[in-house]
Amino acid sequence: MGTPGTAVTERANKLAWMLNELEMPGVRFAILLSEDGLRIAHTGGIGVDDAERFAAAASGLRSLGKALGEFCGNSNTVRQNMTEYDGGMIFITAAGPGALLGVATTAEVDVSLVAHRMNALAVRVGHELGSMSQRRAGDLQ
């Protein structure tokens, strides 16, 4: 059913199509977020409010990973965070300049398949977001 709030939500989630590749058995939802914790897009497995909470928490977890980088050879670059819980896992990976992909799974998920698809998608998301920035900059000239 279409409500005024739903229409706004659908427009605000227009980049969700990029996350379709992450929809597979064991994946609860996927979120594209900015490094500073703002939701950019999400799959249908999660509502907007929860997607925004997840984005904020994922950004915080990413920051903690950077703080621990010195214990892995003085690295400030975090490639991927994976946190395991009794009921599943949270994956966070870089997806281009200023963007991250976050995925929540069940405990029965194929970890290597999720990581592989996230890394492949991250490259494409980075290109897409980069080209969107270039198109916007061109519109301003």
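Closest non-hydrogen pair, Ala41 versus Ala16, comes out as CB-N, 3.6 Å. Across Ala94 and Ala122, no two heavy atoms sit closer than the pair O-CB, 3.1 Å. Listed here is the closest heavy atom pair of Leu32 and Leu101: CD1-CD2, 4.0 Å. Closest approach of Ala58 and Leu33 over heavy atoms only: CB-CD1, 4.2 Å. Pairing each heavy atom of His42 with each of Gly47, the nearest pair is NE2-C, 4.3 Å. Listed here is the closest heavy atom pair of Gly102 and Phe54: CA-CE2, 3.9 Å.
One hydrophobic cluster, built from ILVMFWY side chains closer than 4.5 Å, holds both Trp17 and Ile40. Cluster annotation: Val103 and Val123 are assigned to distinct hydrophobic clusters (Ile/Leu/Val/Met/Phe/Trp/Tyr, side-chain heavy-atom contacts under 4.5 Å, transitive). No path of Ile, Leu, Val, Met, Phe, Trp and Tyr side chains, each step under 4.5 Å between heavy atoms, connects Val78 with Leu61, placing them in separate hydrophobic clusters. Using a 4.5 Å cut-off between side-chain heavy atoms of Ile, Leu, Val, Met, Phe, Trp and Tyr, with links allowed through other members, Ile46 and Val48 fall into different hydrophobic clusters. Both Ile92 and Tyr85 are members of a single hydrophobic cluster when ILVMFWY side chains are connected at heavy-atom separations under 4.5 Å.
Side-chain contact between Glu35 and Leu100 is present, with heavy atoms from C-beta onward closer than 4.5 Å. Leu19 has its side chain within reach of Leu121: a pair of non-hydrogen atoms, C-beta onward, lies under 4.5 Å apart.
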Applying side chain to side chain contact (heavy atoms under 4.5 Å, CB included) to Arg53 and Asp49, what does each step give before you reach the verdict? CA-CA 6 Å; Arg53 284 189 321 114; Asp49 290 342; 6.0 Å; no
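Atom-to-atom distance recorded for Asn119:CG and Arg79:CZ is 9.5 Å, nearest 0.5 angstrom. If you take CG on Leu68 and OG on Ser63, they are separated by 11.0 Å, rounding to the nearest 0.5 Å. If you take CE on Met89 and CG on Asn81, they are separated by 11.0 Å, rounding to the nearest 0.5 Å. Within the model, atoms CG of Asp36 and CZ of Arg62 stand 13.5 Å from one another, a figure rounded to the nearest 0.5 Å.
Distance alone, capped at 3.5 Å, is enough to place a donor-acceptor pair between the Arg117 side chain and the Glu21 backbone. Listed for the Thr43 side chain is no donor-acceptor partner under 3.5 Å among the backbone atoms of Phe29. Using modelled atom types, no side-chain atom of Arg124 and backbone atom of Met18 make a donor-acceptor pair closer than 3.5 Å. A donor-acceptor contact shorter than 3.5 Å links the side chain of Arg28 to the backbone of Thr105. Panel note: side chain Ser34, backbone Ala99; no donor-acceptor pair is recorded below 3.5 Å.
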